[in-house]
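A short write-up of the structure that comes next.
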Amino acid sequence: MPVVDIDTDELRGLTGEPDKSDEEFKQDLFALGLEYEGDTDDGLLQFEFGPDRLDRLSVEGVARSLRYQYGADRGVYVPNTNDARWTIEVDSSVPEERPYVTGAVVRGVELGESGLDSLIQLQEKLHATMGRGRAKGAIGVHDLTMLKGQALTEESEPSGTIDAATADLGATEKTITYRGVDAEGDRFVPLDSNAEVTPADVLTEHATGEQYADLVEDLDRYPAIYDELGLFSFPPVINGARTEVDAASRDLFIELTGTDQWTIDKMCVILCYALSARGGTVEEVQVDYRDGATYPDEYGPELLRPDFDTDEKSVTHDRIETMLGVELEREAVVDLFERSGLDAAYSLGEDETVYDVTIPPYRVDVLHPLDLVDDVGRAYGFNELEPTYPDIGTIGGRHERSRLERAVRTSLIGLGFEDMLNFHMTSAAENYDRLRLDERDPGADLSDAPLGAEPRAEITSPYSEDYTQLRTWALPSLVQVLENNTHRSYPQDLAEVGFVAHRDDDVNTRVAEDHRVAGVFARTDATYEDAKARLQAVCDDFDAELETPATEHPSFLDGRVAEVAIDGDAVGVVGELHPEVLVDRDMEVPVAAFEFSLSALE
């Protein structure tokens, strides 16, 4: 889940609440769904929140939400924009793998050191979430005063029919170009460097270039952005030093490139709202896709950006009351919508009241009427809702599997384990690669597959590169906890009873689910015998017969690993983790571990 560092002094200024204490902010933000995670070394507060609210990736976005909560702001706010004075021309030489671009100009912004830090954080958080690690969208922010745009001439005007409005925009003062460049082509000075290099040199000689080289190194031509003086941006890798933004910069040029126009447009909108909160005035940028350039069919070849168009969705009064369990007056619902940063008007139908809700452009999370109900509930206050029994003839109880999970957790805690609750989602690197596993192909025979090597159930549109699939086994999650706690004292005995899943085309949902019991022992004297002894104790608690025939598993040390067979069924693995797994995580103590299917204890 995304974590944002918040300077509470900045928050007081941006919310207009100079007397709010840090503790009050923690409580108010918790009501909005942001959980306090701790303090940084610099004294900033860290908050974790759901990755759907990407407008809260900066202190400016968090402050905006609080102002609505406090009643200081109401309804939809859309920044005013000045007419375009800059044009981005997209040349046909742009790599077809990264064809789209968008942008904006923001003038008169007051950054300072704290504002610059917030802008950098927002940029990197957007890269990690919507941008998919810069693969889907990448942001470049430049000092506008260091750009020299080419005057738009008759020869440089985009071809095709131009209407009167666009003809006026044809008088934009300056133009930059998004085009392709040879790997050994034009030279420029990248950020954090003093030497002129080619794009190819950046990928092999610059730390940032090495980090993002895989995004462009296989392309025939690399994406690049030019002004009249030459290349100044090499997206999605690095900007040029000539246009570097510092705390004193007041006029900014924002460019975003990527594989999807909607995504980079929304990333641009979120940036513009944040800079607008710091006094910036947004100025439109004209984007022209010239003949031969790939342009977004749904928008056409000529765009004005940023796209501040609002969206509309509807929800019924009955649905709001049914979901929240409270009775509300119509005017009160409209008020709650406005306190959520939305606009709403209701109409009286024959059978029900319908609210037509206007959604601001930075709210990329509102996809369904239930999202509107959630906003109403948060504005009302979830703590104000009183729980009631449902109006049905039966009362729910604990599921048998849940009873078994609780009993197993109690047994593990009694054996000295610390109970863990980890995310069900992970990445291929954590699930397979760092555990020395090779993923089996979908449809392959899994009868001889090592535990955890099953094909992944992948997330189609993940919000973060760290969470792209459901985990196929639980041990990687526990090993990650150990990796993050190498600074803690030992022994560390951790256990989890949790959900796993893998792709299986023979199941009607195409995803086979399971619940696993896993444990790890990190200590100077951890051995296979320790893991087996605890495993035996758990089985004894449930009158289950344990056998441990020798086996092989890439994640474990040969000769110190066995299959877990309970009541005659092979259900897991136990052993000492392979030294390569430990060295990769800078762990200096041995680790013994086990994992098996929970259903084996039923």
Side-chain angles (χ1 to χ4, degrees), residues 408-409 411-424 426 429-437 449-454 471-486 488 490-500 514-539 541 544 546-566 570-598 600-601:
V408 172
R409 287 192 179 96
S411 176
L412 292 168
I413 292 171
L415 292 169
F417 286 100
E418 184 173 354
D419 187 34
M420 296 284 106
L421 179 62
N422 288 311
F423 295 133
H424 299 156
T426 186
E430 295 292 347
N431 193 81
Y432 303 109
D433 301 343
R434 301 188 71 196
L435 271 296
R436 306 178 72 247
L437 273 181
L451 187 74
E454 297 86 358
R471 61 181 183 178
T472 60
W473 58 324
L475 270 181
S477 300
L478 292 177
V479 175
Q480 276 188 273
V481 176
L482 292 177
E483 179 182 14
N484 293 331
N485 284 280
T486 54
R488 303 289 186 183
Y490 293 97
Q492 294 180 27
D493 298 348
L494 313 177
E496 179 184 3
V497 181
F499 172 85
V500 302
D514 195 12
H515 287 76
R516 299 276 179 80
V517 182
V520 292
F521 308 82
R523 51 178 70 194
T524 56
D525 58 351
T527 64
Y528 164 83
E529 287 76 14
D530 293 321
K532 182 181 176 181
R534 304 287 181 90
L535 183 59
Q536 182 68 64
V538 172
C539 291
D541 283 348
L546 173 67
E547 297 176 276
T548 52
T551 189
E552 294 181 352
H553 193 290
S555 304
F556 293 83
L557 192 61
D558 289 344
R560 306 295 291 172
V561 57
E563 184 178 77
V564 174
I566 296 179
V571 293
V573 66
V574 57
E576 297 176 19
L577 287 183
H578 197 283
E580 288 185 9
V581 175
L582 305 181
V583 170
D584 181 51
R585 291 169 168 77
D586 296 325
M587 296 180 61
E588 299 179 354
V589 297
V591 176
F594 63 80
E595 179 170 334
F596 64 92
S597 178
L598 173 70
L601 298 179

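No side-chain donor-acceptor contact under 3.5 Å links T551 to the backbone of E563. Counting only distance, with no hydrogens or angles, the side chain of R534 and the backbone of L415 share a donor-acceptor pair below 3.5 Å. Remark: the backbone N or O of W473 is not paired with any side-chain donor or acceptor of E595 at under 3.5 angstrom. Remark: the backbone N or O of E454 is paired with a side-chain donor or acceptor of Y432 at under 3.5 angstrom. With hydrogens and angles ignored, the 3.5 Å screen pairs a side-chain donor or acceptor of N484 with a backbone N or O of Q480. A donor-acceptor pair is defined here as one N or O able to donate and one able to accept, closer than 3.5 Å; such a pair exists between the side chain of R585 and the backbone of R434.
The ring of F556 has its center no closer than 6.0 angstrom to the ring center of H578.
Applying the side chain to side chain donor-acceptor pair (under 3.5 Å) test to T426 and every residue at least two apart in sequence or in another chain returns nothing.
The distance from atom NE2 of H515 to atom OG of S597, rounded to the nearest 0.5 Å, is 10.0 Å.
In this structure, E529 places its CD atom where more than 12 heavy-atom neighbours from other residues, nucleotides or ligands lie under 6.0 Å away. Within 6.0 Å of CD in Q536 there are more than 12 heavy atoms belonging to other residues, nucleotides or ligands.
The aromatic rings of F521 and F594 sit tilted, their planes meeting at an angle between 30° and 60°.
In plain terms, the two heavy atoms of V581 and L435 that are nearest each other are CG1-CD1, 4.0 Å. L494 and F417 get closest at one heavy-atom pair: O-CD2, 3.4 Å. The heavy-atom pair separating A495 from L412 by the smallest distance is CB-CD1, 3.9 Å.
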Should V500 and R471 be marked as a side-chain contact (heavy atoms from CB on, under 4.5 Å) after you check the CA-CA gap, both sets of side-chain angles, and the distance that decides it? CA-CA 6 Å; V500 302; R471 61 181 183 178; 4.0 Å; yes
